[in-house]
Asks: 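This is the structure, below, for whatever I ask next.
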Amino acid sequence: MRLLVTLFLALPILMQAQGGRGRGAAARGADQTPAPVVEDGIPVTDPLIIAKCSGCHKKDEKGNLTRISWERTTPEGWQEAIKRMVRLNGLELKPDEARSIVKSLSATHGLAPEEAKPVMYFVEHRIQDEEFPNDTVREACAACHPIARARSWHRSKEEWDLLVNMHRGYFIVSEQSFRGRGAMAAAAGGGRGAAAPPAPGTPPVDARPPSDQAVEYLARDYSLNTAAWAAWRARMRAPKLSGRWLISGYQAGRGKVIGEMAIEPGASEDEFTTNVKLTYLKDGSTATRSGKSVVFTGYSWRGRSTTKNATEPSAQKAGGVPAELRETMWIAPDQNSMEGRWFWGGYEEFGYDVTLHRANDGVTVMGTDLSMIKTGSSAQKIKIYGDNFPKLTTADIDFGTGVTVKRIVEQTAQQAVVELDVDAKAIVGKRDVSIRRAVAPNAIAVFDKIDYIKVSPDTALARLGGVKFPKGYQQFEAIAYNRGPDGKLNTPDDVELGRVDAEWSLEEFYAVFGDDDKEFVGTMGPTGFFTPSAEGPNPKRKFSRNNYGDVWAVATYKGAQDKEGKPLTARSYLVVAIPLYVRWDESEGPK
Amino acid sequence: MKHLRAVNHKARRIQEHIENDVVAMQGPPTPAGQRPHVPMGCSIVFSPGWEVDSSGGTAGLCQPVERDLYDCYISCYWPAQVPDHMNNYPDWTAKCAAATKDWRNIDLVFP
């Protein structure tokens, strides 16, 4: 089947090659389409880039280098482009030169903070559902990779066209999604993708190839010259980050963490060294790390930190404590807060979701150890974490209506243990926790009943490994919900209450008769930690199949019952896939 | 199935599976509770796909995948998942003299 596809893929390419450029020019002449307007490029002034790149990327009289001057992207985007130049185009660079070029291009040809924020999940290695303008654009771009990859670039129209051509040349199978399955199948004489003739009266369908429609969309919404970039180019300044920062974070499987990061100046004005101390609120265990970081484009923190007390991933310790992790954060333009993900693991599947705030002289409230308190409870002990707590009285602390602070059990400048009474009729919902004028918004939920649970993430991907390739683990969590004021389940007013300890199991996802995936894919630990089996053919399985498969990850929570008096259950669809043989997205950062 | 009764072995097997509906046997629309939701990063436009097949499950994939890995490499078939022989990674299988035995030696590629 693949041979066939390859054959009829090659045909149009050959035809195109024959037609060549002449055809395009002739077509333009015939229908009087004006030649495309050349947008203003962004000149390249760095002597190192000019020396290394202008051999191929010709410099014009305005200081523009071909291609480079009409593109902007993230540090990762530039890193990838440079690596491709080394791999395929004979570029020779020393590691220091490459780092300097990535820094320089990120500053002159980068993204504005508001352009980068929507695609931060891509460099943070989060798996999340993506939105597409339509299915055609989805097919053109996201058949092979997340569309965030394209959205991490801003280019002129001509550059987007050239990017399509680059794919056609270097990754020939992409032609299949660029032309569209329907069109390809029709060309091959029907098949399941062939479109039926439209019914009379239906609106006309955009018959252009998906690649053309994608270029139109990208050139419009991800153009080279934007107001956001013009504004940031003027506003960009050296990051002044030295000092003490307060961390509040969350690690799936281990819960909330808080801590501090001491940032000190590094080798240059955009480099820093860090010392981090983290405390897990659930069990009180601590971890210390030290690291280095670079800030690109005035706001893109990329760091790497290490520890000597590393532990391996396990069901008890989720991702364990990694010997090395990478940090990706978006620094707010006022340089008083940053947020992002610190990640590790064979597929970057483990991580802390972190928010950092610059420590100041005033009181700061970071959060509480519990994520929910029940109505009608009395003398409920709760720990509040923060910074610069003065000598507190009960009047200083506020959890909103219906929650009374009875007494302060003990306190230091960083934490306070208090006893709460919660009125039986207290309003259900998320509450701010405040100490004097300092507030932690939505820090804790008041609830009367856990009505249902959900498994997070609702769709998951693990990868077989452990012999030659790394295992791709998956941590699941059961998240409790309250029905909210409307009394109905699964509506927008439902209140998320935080994670609860559930019992975990795997269930078959029946895809074929005699489906046996559950026996082979791996094991589910008691804490919702899924460990995949080894990669490679398994002689014990029919047809020596790999251990891959798709199953349900099922959580059962016995602390509450549904309408029928049964324990609450929820499940998540888990695909256990084979290793990924190409890794595209190693992030940039200090080595 | 209310008005039908299983009389032979095959029919009884079908009945056994009614409780847990078989997704691959369903035409659209698939029951909402059973419909797989494909994680980001899964490639599905080609049929079968790499991580999941066109129905969103793993039942229709090449078995075992190593049987097909070298072919995917030579024909440059899965550009985002398997290194391609033609342009980007001509030496990917250099450490793998006999593909049937040495497939584990082929390495991850960090571009």
Side-chain angles (χ1 to χ4, degrees), chain A residues 2-3 5-6 80 83-84 87-88 127-130 139 142-146 167 169-174 176-177 181 457-461 467-470 508-513 515 517 535-538 542-546 548-550 573 575-584 586, chain B residues 13-14 17 20-25 34-47 49-53 55-69 71-73 75-84 86-89 92 103-111:
Chain A
R2 247 197 324 277
L3 266 182
V5 173
T6 315
E80 203 177 285
K83 286 187 173 176
R84 194 177 68 237
R87 194 169 71 234
L88 297 176
I127 288 190
Q128 72 176 49
D129 287 338
E130 295 191 299
E139 181 177 356
C144 293
H145 56 64
H167 282 73
Y170 284 149
F171 308 100
I172 52 165
V173 180
S174 55
Q176 199 170 352
S177 26
R181 273 181 298 169
D458 65 347
T459 310
L461 185 65
V467 183
K468 167 79 184 176
F469 301 94
E508 194 59 70
F509 178 90
Y510 286 96
V512 288
F513 285 126
D515 207 333
D517 295 345
E535 78 275 26
N538 183 353
K542 204 174 174 186
F543 309 129
S544 279
R545 290 161 62 189
N546 300 80
Y548 56 48
D550 42 3
Y573 177 62
V575 174
V576 184
I578 50 186
L580 201 56
Y581 294 97
V582 185
R583 302 297 299 280
W584 293 96
E586 197 192 6
Chain B
R13 278 202 68 192
I14 291 175
H17 280 87
N20 296 305
D21 227 342
V22 176
V23 175
M25 309 295 277
Q34 282 270 337
R35 192 182 302 134
H37 173 89
V38 178
M40 183 180 95
C42 268
S43 169
I44 53 162
V45 75
F46 311 119
S47 127
W50 182 249
E51 286 97 348
V52 290
D53 61 31
S55 77
T58 57
L61 298 173
C62 292
Q63 321 259 357
V65 68
E66 287 74 15
R67 191 186 68 183
D68 225 34
L69 195 56
D71 191 22
C72 294
Y73 165 66
S75 61
C76 312
Y77 196 72
W78 295 106
Q81 290 83 0
V82 182
D84 65 288
M86 194 153 69
N87 293 309
N88 292 284
Y89 309 101
W92 190 54
W103 66 271
R104 282 189 210 277
N105 294 335
I106 52 184
D107 207 348
L108 290 175
V109 174
F110 292 93

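Residue numbers begin at 1 in each chain, while the letters A, B, ... track the order of the sequences.
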Asks: Checking the side chain of B:D84 only, and the main-chain atoms of A:F171 only, is there a donor and an acceptor separated by less than 3.5 Å?
Replies: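 No, the answer is negative, given that no donor and acceptor are paired below the 3.5 Å cut-off.
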
Asks: If you tally heavy-atom pairs under 4.5 Å against chain B, which of A:S544, A:P470, A:P579, A:A577 wins?
Replies: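 Heavy-atom pairs under 4.5 Å are most numerous for A:S544.
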
Asks: How close do B:E66 and A:P537 get, counting heavy atoms only, and between which atoms?
Replies: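 Answer, listing the atom of B:E66 first, then A:P537: OE1-CD, 3.6 Å.
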
Asks: Can you name the nearest heavy-atom pair linking A:V575 to B:T58, along with the distance?
Replies: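 Nearest pair, atom of A:V575 first, then B:T58: CG1-CG2, 4.0 Å.
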
Asks: Please identify, among A:I578, A:N538, A:D458, the residue contributing the most non-hydrogen atom pairs under 4.5 Å to chain B.
Replies: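 Between A:I578, A:N538, A:D458, the count favours A:I578.
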
Asks: Flag the one option from B:N88, B:V82, B:L69 with the top tally of heavy-atom pairs under 4.5 Å to chain A.
Replies: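 Sorted descending by pairs with chain A, the first entry is B:N88.
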
Asks: Heavy atoms, side chains only, cut-off 4.5 Å: are A:Y548 and B:E51 in contact?
Replies: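 No, every pair of side-chain atoms sits at 4.5 Å or beyond.
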
Asks: Any side-chain heavy-atom pair from A:D550 and B:V52 closer than 4.5 angstrom?
Replies: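 Not touching, per the 4.5 Å side-chain cut-off.
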
Asks: Less than 4.5 Å to any heavy atom of chain B: does that hold for the side chain of A:D129, its backbone, both, or neither?
Replies: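 Contact with chain B: side chain only.
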
Asks: Taking all heavy atoms of B:Y89 and all of A:V582, pick out the closest pair and write down the distance.
Replies: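 Closest heavy-atom pair between B:Y89 and A:V582: OH-CG1, 4.1 Å.
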
Asks: So, do A:Y581 and B:W92 sit near enough that their side-chain heavy atoms are less than 4.5 Å apart?
Replies: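 A side-chain contact under 4.5 Å exists here.
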
Asks: For B:N87 and A:L88, work out which heavy atoms get closest and say how close.
Replies: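 Nearest heavy atoms, B:N87 then A:L88: O-CD2, 3.0 Å.
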
Asks: Measuring heavy-atom distances to chain B, does A:Y170 have an atom under 4.5 Å in its side chain, in its backbone, in both, or in neither?
Replies: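 When you check distances to chain B, atoms from both the backbone and side chain of A:Y170 fall under 4.5 Å.
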
